[in-house]
Amino acid sequence: MNNSDISAAFDELGDLLEFQGANPFRVRAYRNAARTLKDLGEPLATIAANPARKLTDIQGIGADLADKIGVLLATGSLPQLEELRAQTPASVMALMRIPGLGPKKAAVLFKELAIQTLDQLRAACEAHQVQELKGFGKKTEETILAGLPLAAQAEVRLYWAEADVVAQDILRQLRKCQSIAQLEVAGSYRRGRETVGDLDILAVSSQPDEVMDAFVALDGREATLARGDTRMAIRMARGLQVDLRVVLAESFGAALQYFTGSKAHNVILRGMAKDRGLKINEYGVYRGEERIAGATEEEVYEAMDLPWFPPELREARQEFQWAAVGKLPELIELADIRGDLHMHTTYTDGRATLDEMVLAARERGLKYIAITDHSKRVTMARGLDGERLGKQWDEIDQLNATLDGFQVLKGVEVDILERGGLDLPDDVLVRADWVVASVHYGQNQPREQITERIIGALENPYVSAIAHPTGRLINRRKSYDVDLEAVFQVAHKHGKLMELNANPARLDLDDVACAAAKRHGIPIVISTDAHSTDQLDVMRYGIIQARRAGLTKADVANTRTWKQMQKLVGRKQA
DNA sequence: GCCGTTTTCGGCCCGACTGTTTTCAGTCG
């Protein structure tokens, strides 16, 4: 079992225990542990196998959970989990996906009416059995019926890039409301998570009713879910929920901090406040009745002697430890990027010509790009053999002769073949300035085989980097089963780079894996994999993911000049 | 279930909104 399997087991235990009405703090302990283990970046098996180390040194892992990790590693299952599963059909857990139905109400439905599936729940509502239950009523029954279709459709989280379009449109519309003094989108959107489940809008106004009227009038609103004095929630297309919170200017910082989260980050922050005899809520920081901070995020954090945290770091991972020693990383910014080292042209499956890509890259302020069209195995993209590649490289040489202050690198995205090895011979690759290698076929091979293929590519002296190293497509396709730890060790040994693919559907290496690669001393290269000129703009999504990983300008290779890059990858001077 | 320089028991972040309630529980973020 790997870390994410064990993390999933703890998450499931938390869900099942919550449904059983267990102590909520016990439930939280399982969920905290699940989150910590998913972010760990080092295999639990490695720690467990080392007698000099203890699993209980991991924050949130005590004697009990350490034992359970041991059992999971040794046997691949957990008796307690099996037992709980037997008591609670998986379909019952789906009841809790209905908005307004939590563990308590779901348990009542299960115990009183023996409801086990969403279909049975619908029938019970239609027979008006549900409204007779204690704690339920006519309204609850209607809410459940209205929520059934939402629970049936799998929970869809939008790509950050998609959420960004909706968020910017909402901001544009709300800015017309005269009574709004300040406006921000908080939540996981502000933290730059790769997917966003809902949007949290924060507005400063002394006229909450006017703001809410503007909110109701938004183009694209499909339903109003709640409306109170200061809080409101609506649903937009694709089931996207948008929450609005209206606060006074004196509370803006506290509210922005609070609604940006993450929840785990806030729990730690509030615990720190409590230790100091302070209380933090969304209105401010309080000592007794007296408010001592709240107008800005900076003063909220300062009240705890903490620096302002970039939202991307607020995941309760490393940020409080970094802050404690004054070593918060200075995160990379889009303007730091000098070159883009993965893109395609009409030679293969790109939609723009070589000249068009160069012009678009120069317009975006880049100093160099690598053209990395596909190799021949990728037949769907009309991949290049040595001869056609040579023709492209001749064209690049001629083009470079005409360019001033900009360089086009002769590159290729060489396919890592199913049986291992690369799709182009070394005598072709040696002539390239930059080679990215990637897996396109045989993605379902077993872990050892995929890992071996990628390691084989890293051992080729002419390969510069591995592109989209896990192959996942967010919401659509899982990662290959690759042992990244083993890959990183070999990459570091041979001085190779790893790509963070900036395409909003890929974004791999992800934040956790990027941070792990950094610990191995591997430079990250953030690339667009652009197949058209406008796709060069996806670079900003990669930057956000890199920031979430805590990467600085120095950690990202393509913030350097190409000359500096060449020293990094140990290739010949052009 | 975790945690500890007030510590090995008794805490564990905090408030808004809804619906079902005559004062609060459940859900949500």
Side-chain angles (χ1 to χ4, degrees), chain A residues 10 13-14 16-19 21-36 55-69 80 95-109 130-144 146-147 186-191 196-202 208 212 224-234 241-247 251 254-255 257-286 300 304 316:
Chain A
F10 284 171
L13 265 171
L16 288 162
L17 286 169
E18 181 179 46
F19 180 75
N23 177 348
F25 296 107
R26 188 175 166 216
V27 174
R28 197 172 86 185
Y30 278 103
R31 297 213 169 119
N32 277 342
R35 192 177 44 79
T36 303
L55 287 167
T56 50
D57 287 341
I58 303 167
Q59 183 67 30
I61 303 298
D64 184 88
L65 291 182
D67 278 349
K68 288 188 165 73
I69 292 170
Q80 185 195 8
L95 302 183
M96 289 192 283
R97 286 212 303 266
I98 295 170
L101 267 197
K104 294 282 179 3
K105 283 201 160 77
V108 170
L109 291 167
V130 170
Q131 57 174 279
E132 302 299 327
L133 295 169
K134 185 172 166 59
F136 291 66
K138 220 176 154 76
K139 259 322 224 323
T140 314
E141 203 171 76
E142 286 168 16
T143 306
I144 291 172
S188 56
Y189 170 83
R190 184 161 179 250
R191 301 201 309 281
V196 173
D198 56 28
L199 290 173
D200 300 285
I201 313 274
L202 188 63
M212 291 196 194
T224 298
L225 305 173
R227 178 169 179 166
D229 295 334
T230 63
R231 223 199 111 209
M232 185 169 167
I234 62 173
Q241 185 173 328
V242 186
D243 294 337
L244 169 72
R245 190 60 180 260
V246 187
V247 298
S251 293
Q257 192 287 318
Y258 175 62
F259 289 106
T260 297
S262 66
K263 188 172 180 163
H265 176 93
N266 287 356
V267 167
I268 292 173
L269 186 70
R270 286 168 188 227
M272 292 175 80
K274 204 161 208 174
D275 290 344
R276 292 163 181 247
L278 303 174
K279 183 179 78 167
I280 306 184
N281 59 27
E282 56 261 55
Y283 301 107
V285 182
Y286 294 85
V300 170
M304 250 61 62

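Chain naming here is simple, since letters A, B, ... match the order of the sequence lines and numbering starts at 1 in each.
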Residue closer to the 5' end of DNA chain B, A/Gly100 versus A/Met212 (nearest nucleotide): A/Met212
For residues A/Asn281 and A/Tyr258, determine if any side-chain heavy atom of one lies less than 4.5 Å from a side-chain heavy atom of the other. no
I need a per-nucleotide contact map over nucleotides 10-15 of chain B, read 5' to 3'. Cutoff is protein heavy atoms under 4.0 Å; write B for the base, S for backbone only, - otherwise. --BBBS
Under 4.0 Å, heavy atoms only, any strand: does A/Ile61 hit a base, just the sugar-phosphate, or nothing? sugar-phosphate
In whole angstrom, what separates A/Lys134's NZ from B/dG26's P? 10 Å
Select from A/Asp64 and A/Pro99 the residue whose nearest nucleotide in DNA chain B is closer to the 5' end of that strand. A/Asp64
Write down the distance separating the C1' atoms in B/dG26 and B/dT21, rounded off to the nearest Å. 12 Å
I need the CG-P distance between A/Asp57 and B/dC3, as an integer number of Å. 10 Å
For A/Ile98, answer base if it contacts any base atom (sugar-phosphate contacts may also be present), sugar-phosphate if it contacts only those atoms, and nothing otherwise; contact means non-hydrogen atoms under 4.0 Å. sugar-phosphate
Minimum side-chain heavy-atom gap A/Val108-A/Phe136 below 4.5 Å: yes
Can you check the A/Ile69 CD1 to B/dG1 C1' distance for me, whole Å? 12 Å
Looking only at side-chain N and O atoms, does A/Lys105 come under 4.0 Å of OP1 or OP2 in B/dG19? no
Could you check how far CZ of A/Phe259 sits from P of B/dC28, rounded to whole Å? 16 Å
Answer yes or no: is there a side-chain heavy-atom contact under 4.5 Å between A/Leu55 and A/Ile58? yes
According to a strict under-4.0 Å criterion, is A/Thr143 in side-chain N/O contact with OP1 or OP2 of B/dT18? no
What's the gap between B/dT8 and B/dC12 when it is taken at their C1' atoms, as a whole Å value? 16 Å
Looking only at the side chain of A/Pro103 (C-beta and beyond, no hydrogens), which of the listed nucleotides B/dT27, B/dC2, B/dG19 gets closest? B/dT27
Measure from CG on A/Leu225 to P on B/dG19 and round the result to the nearest Å. 11 Å
Is a side-chain donor or acceptor of A/Ser262 paired with a backbone partner of A/His265 at a separation under 3.5 angstrom? yes
Distance, rounded to the nearest Å, where A/Ile234 contributes CD1 and B/dC17 contributes C1': 17 Å
Check this one for me: any side-chain N or O of A/Thr230 less than 4.0 Å away from OP1 or OP2 of B/dC17? yes
Which pairs pass salt bridge (Lys or Arg N to Asp or Glu O under 4.0 Å) with one or both residues in residues 131-140 of chain A, sequence neighbours excluded? none
For the side chain to side chain contact (heavy atoms under 4.5 Å, CB included) test, which of A/Thr230, A/Ile201, A/Leu199 pairs with A/Leu244? A/Ile201
For B/dC2 and B/dT6, measure between their P atoms and round to the nearest Å. 23 Å
A/Arg245 side chain to A/Asp200 main-chain N or O, any donor-acceptor pair under 3.5 Å? no
I'd like to know if the side chain of A/Glu18 reaches the main chain of A/Pro103, judged simply by a donor and an acceptor atom lying under 3.5 Å from each other, with no hydrogens or angles considered. no
Length of the line joining A/Gln241:CD and B/dG29:C1', which is rounded to integer Å: 9 Å
Spacing of the P atoms in B/dT20 and B/dT27 (rounded, Å): 13 Å
Describe the nucleic acid contact of A/Pro24 in one word from base, sugar-phosphate, nothing, applying a heavy-atom distance below 4.0 Å. nothing
Base paired to B/dT8 (Watson-Crick or G-U; both N/O distances under 3.5 angstrom): none
Atom CZ of A/Arg276 and atom C1' of B/dT6 are separated, to the nearest Å, by 16 Å
